[in-house]
2 protein chains.
Amino acid sequence: MMDTEKNKDYTIDNEQLARFAKAMGHPARITILQFLASLDSCYFGDIHNELPIAKATVSQHLKELKEAGLIQGEIETPKVKYCINKENWEKAQHIFGAFFEINVEKTACCSPEP
Amino acid sequence: MMDTEKNKDYTIDNEQLARFAKAMGHPARITILQFLASLDSCYFGDIHNELPIAKATVSQHLKELKEAGLIQGEIETPKVKYCINKENWEKAQHIFGAFFEINVEKTACCSPEP
DNA sequence: AATATTGTTCGTAATTTTGCGAACTACGAA
DNA sequence: TTCGTAGTTCGCAAAATTACGAACAATATT
């Protein structure tokens, strides 16, 4: 049959952007990313110390950030060192940058506030 | 008592960034935002037509984007016209921009891949 | 008045998220 | 070996998210 129907699947790029955004969709995870980027420390204990939540919960948030690709961790016995995943961080920079490049001025649709 | 304890609350900025990110944390909502920004149309029906989900679900996603402040809607009987909330869109641009301005090069912590 | 169009809201179900304490692992020091 | 440190994982509960069809509302058309 002909392919006249519109493809309604989400694009890979949109899936990826949503994935990153979702990972960033919690204040604890934003705080973690900022802390890691500021490089006051990379250790779990110090990250935990910045946050108002239990260590088990911090561990979970770190796991999610890791699964989204935004951070990585390595064991440095007896501590665990986390850091930004540089490659994917840059990917996120670009993908968010492109997303927000859209010129809203030019595309105003609803009438402005009267 | 003295306030020697570290304040572990999330900052307003981090809460706001997480709020925006969370709203963007679903491919359908990313697609909606892009569609509205591209201005092929502003009407619910056309938005629905772009997505692989039921209209009730589309309506819910639009509601969430509206509650996060990223879009706004107005009735244009018998249709409903949605659009980007310009003010908050720019706010999001800035807040995401600032977030990703962090220089990861300078802050690399974990050893690079060997 | 009956119909059609355009979306929203309701009720419901399945899944995911968030959070915690307790138990556990791994290692080094006493 | 026993203890302490540093985190992870487990088990659970509460809440939020995602999704749908059916019912509903508001308006225009016949």
Side-chain angles (χ1 to χ4, degrees), chain A residues 8-10 14-15 17-33 35-36 40-83 109-110, chain B residues 8-10 14-15 17-33 35-36 40-83 109-110:
Chain A
K8 294 181 177 183
D9 289 350
Y10 303 123
N14 280 2
E15 298 261 18
L17 179 50
R19 184 94 173 76
F20 283 145
K22 189 174 182 183
M24 291 170 57
H26 190 290
R29 293 195 292 265
I30 290 291
T31 304
I32 290 169
L33 290 171
F35 183 72
L36 288 182
D40 286 342
S41 162
C42 277
Y43 295 114
F44 175 92
D46 299 316
I47 296 168
H48 176 214
N49 215 255
E50 294 289 308
L51 300 170
I53 50 181
K55 61 181 178 167
T57 310
V58 173
S59 207
Q60 264 189 177
H61 283 306
L62 288 166
K63 192 177 175 184
E64 282 171 62
L65 287 172
K66 202 159 34 171
E67 280 168 4
L70 289 171
I71 68 170
Q72 54 194 276
E74 63 184 49
I75 295 168
E76 203 169 84
T77 302
K79 301 188 179 180
V80 177
K81 191 155 95 174
Y82 284 97
C83 62
C109 176
C110 292
Chain B
K8 295 182 177 183
D9 289 351
Y10 304 122
N14 280 1
E15 297 260 19
L17 179 50
R19 184 97 175 73
F20 283 146
K22 190 175 182 182
M24 291 170 57
H26 191 290
R29 294 196 291 266
I30 291 290
T31 304
I32 290 169
L33 290 172
F35 183 72
L36 288 181
D40 286 341
S41 162
C42 276
Y43 295 114
F44 175 92
D46 299 315
I47 296 168
H48 176 215
N49 215 255
E50 293 289 308
L51 300 170
I53 50 180
K55 62 181 178 169
T57 310
V58 173
S59 207
Q60 264 188 176
H61 283 305
L62 287 166
K63 192 177 176 184
E64 282 170 61
L65 286 172
K66 202 161 31 173
E67 281 168 3
L70 289 171
I71 67 169
Q72 55 193 276
E74 63 184 47
I75 296 168
E76 203 169 84
T77 302
K79 299 188 180 181
V80 177
K81 189 155 96 175
Y82 285 97
C83 62
C109 175
C110 292

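Below, chain A is the first sequence line, B the second, and so on; all start at residue 1. This one's a predicted model, so the numbers in the text were calculated from it and none came from an experiment. As a basis for the values below, the full set of heavy atoms in this structure was taken, side chains included, without hydrogen atoms, waters or symmetry mates.
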Going by heavy atoms in the side chains, are A/Ile30 and A/Met24 under 4.5 Å from each other? yes
What nucleotide among D/dT18, C/dG19, D/dC20 has an atom nearest to a side-chain atom of B/Thr57? D/dC20
Could you check if a side-chain atom of B/Leu70 sits within less than 4.5 angstrom of a side-chain atom of B/Arg29, using non-hydrogen atoms only? no
So if I define the base as every atom that isn't primed, P, OP1 or OP2, how would nucleotides 22-30 of chain C read as a B/S/- string at a heavy-atom cutoff under 4.0 Å? -----S---
About how many Å separate NZ of B/Lys55 and CZ of B/Phe44, when rounded to the nearest 0.5 Å? 7.5 Å
Looking at B/His61, does any N or O in its side chain come under 4.0 Å of the phosphate oxygens OP1/OP2 on D/dT17? no
So if I take every side-chain heavy atom of B/Lys22 and compare against D/dG7, D/dA16, C/dG7, which nucleotide ends up nearest? D/dA16
What integer distance in Å separates A/His48:NE2 from D/dT8:P? 11 Å
Residue mapping more 5' on DNA chain C - nearest nucleotide basis, A/Gly25 or B/Tyr43: B/Tyr43
What nucleotide, of D/dT8, D/dA19, D/dA6, holds the atom closest to the side chain of A/Phe44? D/dT8
In whole angstrom, what separates A/Ile53's CD1 from C/dG19's P? 6 Å
Using a 4.5 Å cut-off on heavy atoms from C-beta on, say whether the side chain of A/Arg19 contacts that of A/Glu67. yes
To the nearest 0.5 Å, tell me how far A/Asp9 CG sits from B/Thr31 OG1. 10.0 Å
Nucleotide C/dT8, atom P - distance to CG of B/Leu65 in whole Å: 13 Å
Calculate the interatomic distance between A/Glu64 atom CD and C/dT16 atom P; express it in whole Å. 12 Å
With under 30° as parallel and over 60° as perpendicular, where do the rings of A/Tyr10 and B/His26 fit, or are they tilted in between? perpendicular
Among the nucleotides D/dT8, D/dT18, C/dT18, whichever has the atom closest to the side chain of B/Gln60 is D/dT18
What's the NZ-P distance between B/Lys81 and C/dT8, to the nearest Å? 15 Å
Under 4.0 Å between a side-chain N or O of A/His26 and OP1 or OP2 of C/dG19? yes
Residue whose nearest DNA chain C nucleotide is more 5′ - A/Ala54 or B/Lys66: B/Lys66
Length of the line joining B/Lys63:NZ and D/dT18:P, which is rounded to integer Å: 14 Å
Phosphate oxygens OP1/OP2 of D/dA6: is one of them under 4.0 Å from a side-chain N or O of A/Tyr82? no
Protein-nucleotide distance (A/Glu76, atom CD; D/dT8, atom P), rounded to Å: 14 Å
Is A/His61 close to A/Leu51 at the side-chain level, that is, under 4.5 Å between some pair of heavy atoms? no
Starting at CD of B/Glu67 and ending at C1' of C/dT9, how long is that distance when rounded to a whole Å? 13 Å
